[in-house]
Amino acid sequence: MIPTSDGSLVEQAMRRVRDHIAAHDLKVGDTLPGEGRFAEELGVSRAVMREAFGALAALRLLDIGNGRKPRVGAIDGSVMAASINHAVATAQISTSDVWDVRRTLELRTADLAAQHRTDPEARAIIAAADAMRAAGGDLAAVTHHDIAFHQAIAAASGNALFLQIVRSFEGLMRVAVPTAWHTRETEPQRDAVLLAHRDLAQAIADRDAPMAGDLMSRHFDATIADRLASAARMAVLGGPQPR
């Protein structure tokens with residue numbers, strides 16, 4: 001029986017599974033022994049192992065399917081997303097905090113993407129920027145392509161962790177992008193935003209890292225300025241302020 005002084009039986013069982021993955025140098029998609037095997041080795045019930053496997057699957061550390069052995073899971077930004085969304089919803093962090101972190105991360109991803117992007121990745125970034133413009137007044141489509149644009153840049157950075165972190169902001173972006181778009185009340189303002197995305201995409205395609213970083217910085221500065229200006233107008237009018 002595994003000792004119980006360091007966390008619950010389930011927590012210890014989860015730790016042993018992670019240790020097994022590390023000790024055997026398992027990679028994504030590799031199989032692990034089943035619940036029964038671990039339960040026997042650790043001296044715990046199958047119910048304990050079932051709960052441990054379920055928790056590891058929820059964290060995307062294991063990929064569990066009916067009728068087959070568990071497999072090592074792939075990195076998945078949805079776990080981070082759930083934590084971030086919860087923190088914002090419960091006022092542990094603010095949307096301003098998220099914008100600040102996004103700005104810092106995405107300046108770096110733009111720089112790296114310009115250095116490391118492949119030709120297909122450059123085309124994907126340009127295609128997302130062009131799709132935003134083609135969406136016209138369809139705000140849902142603009143939002144979809146804006147999210148794809150930022151994720152494509154992160155993917156082109158060559159750092160898988162950057163991609164997963166940027167992906168973790170997707171849920172918040174589905175709210176933030178329309179909110180930001182509503183602060184741009186004239187066609188010239190909206191055209192400027194769309195052009196900024198296209199210019200950034202082109203800088204990455206041209207492998208111009210300084211320009212890509214500068215354009216991403218200006219994009220975030222302009223967005224934040226628009227939100228502050230909108231908040232000031234709403235405060236004067238006594239209406240709800242953008243979150």
Donor-acceptor contact below 3.5 Å, side chain Arg117 vs main chain Gln115: no
Heavy-atom pair with the smallest gap, counting every atom of Thr118 and Glu121: N-OE1, 2.9 Å
CZ on Arg37 to CE on Met49, rounded to 0.5 Å: 11.5 Å
Test salt bridge (charged side-chain N to carboxylate O under 4.0 Å, His left out) applied to Arg167 - qualifying residues, sequence neighbours left out: none
Qualifying salt bridge (Lys or Arg N to Asp or Glu O under 4.0 Å) pairs with a residue from residues 127-155, counting only residues at least two apart or across chains: Asp130-Arg198
Short side-chain to backbone donor-acceptor contact, Asp97 and Ser94, under 3.5 Å: yes
Pairs satisfying ring pair (Phe, Tyr, Trp, His ring centres under 6.0 Å), at least one member in residues 42-91, at least two apart: Phe38-Phe53
Pair Asn159, Ser157: side-chain N/O donor-acceptor within cut-off below 3.5 Å: no
Main-chain N/O of Ala81 paired to Ser78 side chain as donor or acceptor, under 3.5 Å: no
Pairwise side-chain contact, Ile126 with Gln202, heavy-atom cut-off 4.5 Å (strictly under): yes
Nearest atoms (heavy-atom pairs only) where Ile125 meets Ala201: CG2-CB, 3.7 Å
Ile204 CD1 to Asp199 CG distance, which is reported to the nearest 0.5 Å: 11.5 Å
Contacts of Glu40 that satisfy side chain to side chain contact (heavy atoms under 4.5 Å, CB included) - sequence neighbours left out: none
Shortest non-hydrogen separation from Ala212 to Ala114 and the atoms involved: CB-CB, 4.2 Å
Atom pair NE2 (His150) and CD1 (Ile153), whose distance is rounded to the nearest 0.5 Å: 6.0 Å
Hydrophobic cluster membership, Leu161 vs Leu112, 4.5 Å side-chain cutoff: yes
Distance-minimising heavy-atom pair for Ala203 and Met211: CB-CG, 3.8 Å
Within one Ile-Leu-Val-Met-Phe-Trp-Tyr cluster: Leu163 and Val98, side-chain cutoff 4.5 Å: no
Value rounded to 0.5 Å, distance of OG1 in Thr143 from CH2 in Trp181: 9.0 Å
Gap separating the OG1 atom of Thr95 from the CG atom of Asp100, nearest 0.5 angstrom: 11.5 Å
In one Ile/Leu/Val/Met/Phe/Trp/Tyr side-chain cluster, 4.5 Å: Leu56, Val79: yes
Single-linkage hydrophobic cluster, 4.5 Å side-chain cutoff, Val101 and Met80 together: yes
NZ/NE/NH1/NH2 to OD/OE distance under 4.0 Å, Asp111 and Arg108: yes
Carboxylate-amine/guanidinium contact Arg174 Glu170, below 4.0 Å: yes
Flag side-chain contact, heavy atom, 4.5 Å: His20 against Leu26: yes
Note, Arg190 side chain near Val193 side chain (heavy atom, < 4.5 Å): no
In one Ile/Leu/Val/Met/Phe/Trp/Tyr side-chain cluster, 4.5 Å: Val88, Val175: no
Within residues 208-220 or reaching into it, pairs that qualify as side chain to side chain donor-acceptor pair (under 3.5 Å) - sequence neighbours excluded: Arg103-Ser217, Asp214-Arg218
Closest heavy-atom pair and its distance - Arg46, Gly36: NH1-CA, 3.3 Å
Side-chain heavy atoms of Leu200 within contact of Met216, under 4.5 Å: yes
Between NE2 on residue His144 and CE on residue Met173, distance to nearest 0.5 Å: 11.5 Å
Where Ala13 and Val48 come nearest, the two heavy atoms and their spacing: CB-CG1, 4.3 Å
Minimum side-chain heavy-atom gap Ile21-Leu62 below 4.5 Å: yes
Set of residues satisfying salt bridge (charged side-chain N to carboxylate O under 4.0 Å, His left out) with respect to Arg18, sequence neighbours excluded: none
Heavy-atom check, side chain of Leu59 versus side chain of Met14, under 4.5 Å: yes
